[in-house]
Amino acid sequence: MPLNASRNSLVLPILGLLVEQPAHGYDITTRLRERYGHLSVTRSTVTSLLKALEKAGMVSSRLPERVGNRPPRTAYELTAAGLADFRHKVETGVRDTQAASVDFVMAVAYVGVLPIDQATCILDGRVGRLEQELAALSGVLDGDVLEVHMLEVAYWRTIVAAEATWIRSLVRRIRAGEIGWPAQRTDQYGSADA
């Protein structure tokens, strides 16, 4: 685990699950494994991250509760600072991460935590950046090098173009109201702009 636990790749999905509902470490571990099979998730890592996030003021713990015959478990919930940090992580993940990266996938999974206009603006900006990357890649294939020695460039162009096409379609569907958008959280966390 990194010295700064907030940089761990599990932090974003942990905070995302806590946006949905307060939960204890066992529940979070199970839900992470079910939703994100590509992530390496252990109960001890989730527990350590929850404790680090609590120490950093991102989550708060509730008094341990016993359910049935199970031992008492501590549930965690987001704080206002945790929600603000989560929104910031989603925004920067959607805007700044490399094309076709797990970091982008995790950030776009929670783009609904942002106001709809902000989300579509950031996604449009990402498409612009991807188009610039495609333009830069276009010149790479011109020249004296045999295509067989540059297959990775053609592959990467295809991946970047596919992501740009997918995002354009996503933005169109969001703007057309085809994708339901959650109401912004303004309850115990304060304003939606937090």
Side-chain angles (χ1 to χ4, degrees), residues 1-21 23 28 31-32 35-36 38-41 45-46 48-60 76-137 156 159-175 179-186 189-194:
M1 179 167 23
L3 293 175
N4 180 351
S6 70
R7 294 179 187 240
N8 187 296
S9 62
L10 292 176
V11 168
L12 186 70
I14 287 172
L15 294 175
L17 293 177
L18 292 175
V19 164
E20 295 172 14
Q21 66 186 34
I28 292 170
R31 290 167 51 206
L32 286 171
R35 286 191 193 183
Y36 308 111
H38 62 280
L39 296 177
S40 176
V41 180
T45 300
V46 170
S48 296
L49 288 172
L50 286 168
K51 288 179 181 178
L53 290 168
E54 182 176 31
K55 187 175 181 181
M58 302 297 164
V59 301
S60 62
Y76 293 87
E77 60 189 350
L78 276 180
T79 62
L83 182 61
D85 184 64
F86 177 66
R87 285 184 173 139
H88 176 73
K89 286 179 186 318
V90 168
E91 178 182 342
T92 57
V94 170
R95 184 185 59 233
D96 300 333
T97 56
Q98 181 178 346
S101 67
V102 170
D103 292 332
F104 172 70
V105 172
M106 296 311 306
V108 80
Y110 295 104
V111 74
V113 76
L114 301 175
I116 198 166
D117 291 339
Q118 181 183 10
T120 56
C121 181
I122 292 167
L123 288 163
D124 279 337
R126 184 174 182 90
V127 168
R129 188 173 60 91
L130 293 172
E131 288 172 345
Q132 289 176 344
E133 187 172 346
L134 283 170
L137 289 170
W156 190 244
I159 296 300
V160 172
E163 184 173 308
T165 298
W166 182 82
I167 293 172
R168 277 190 215 95
S169 174
L170 174 64
V171 169
R172 180 194 53 75
R173 293 182 64 220
I174 291 169
R175 288 188 173 134
I179 295 178
W181 210 259
Q184 295 300 301
R185 293 188 70 160
T186 57
Y189 300 111
S191 86
D193 298 343

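In this chain, residues are counted from 1 in sequence order. The shown structure was predicted, so the numbers you read here are calculated from the model rather than taken from an experiment.
Residues Pro13 and Leu32 come closest through the heavy atom pair CB-CD2, 3.5 Å. The two residues Gly112 and Pro182 have their closest heavy-atom pair at O-CG, 3.2 Å. Ile28 and Ala23 get closest at one heavy-atom pair: CG1-CB, 3.8 Å. Val160 approaches Ala99 most closely through the heavy-atom pair CG2-CB, 4.0 Å. Nearest heavy-atom pair across Leu123 and Ile167 is O-CG2, 3.6 Å. The two residues Ala119 and Val111 come nearest to each other via the heavy atoms CB-CG2, 3.7 Å.
In this structure a side-chain-to-backbone donor-acceptor pair under 3.5 Å is present from Thr97 to Gly93. With hydrogens and angles disregarded, a donor-acceptor distance shorter than 3.5 Å links the side chain of Arg126 to the backbone of Val94. Side chain of Trp181 to backbone of Leu114: a donor-acceptor contact under 3.5 angstrom is found. In this structure, the side chain of Thr165 engages the main chain of Ala161 through a donor-acceptor pair within 3.5 Å. At distances below 3.5 Å, at least one donor-acceptor pair connects side-chain atoms of Thr79 with backbone N or O atoms of Met58.
Put simply, the side chain of Ser9 does not reach to within 4.5 Å of the side chain of Val102, judged on heavy atoms. Side-chain contact between Arg31 and Glu20 is present, with heavy atoms from C-beta onward closer than 4.5 Å. Between Arg168 and Glu131 the shortest side-chain heavy-atom distance falls below 4.5 Å. Counting heavy atoms from C-beta on, the side chains of Leu83 and Leu18 never come closer than 4.5 Å.
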(request) Any chance you could lay out the side-chain contact (heavy atoms from CB on, under 4.5 Å) test for Arg129 and Asp96, step after step, and finish with the verdict? (result) CA-CA 9 Å; Arg129 188 173 60 91; Asp96 300 333; 5.7 Å; no
Salt bridge (charged side-chain N to carboxylate O under 4.0 Å, His left out), that's the test. Do Arg87 and Glu91 meet it? Break it down for me. CA-CA 6 Å; Arg87 285 184 173 139; Glu91 178 182 342; over 6 Å; no
Checklist entry - Would Tyr36 and Val41 satisfy side-chain contact (heavy atoms from CB on, under 4.5 Å), going step by step from the backbone distance to the final call? => result CA-CA 9 Å; Tyr36 308 111; Val41 180; over 6 Å; no
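In this structure, CZ on Arg175 lies 10.0 Å from CG on Leu170, to the nearest 0.5 angstrom. Within the model, atoms CG of Leu49 and CD1 of Ile14 stand 4.5 Å from one another, a figure rounded to the nearest 0.5 Å. Atom OG of Ser60 is separated from atom CG of Leu53 by 11.5 Å, given to the nearest 0.5 angstrom. Taking OH of Tyr110 as the reference point, atom NZ of Lys89 lies at 13.5 Å (rounded to 0.5 Å). Considering CD of Gln98 and CZ of Phe104, their distance stands at 12.5 Å, rounded to 0.5 Å. The CG atom of Leu134 sits 11.0 Å away from atom CD1 of Ile159, with the distance rounded to the nearest 0.5 Å.
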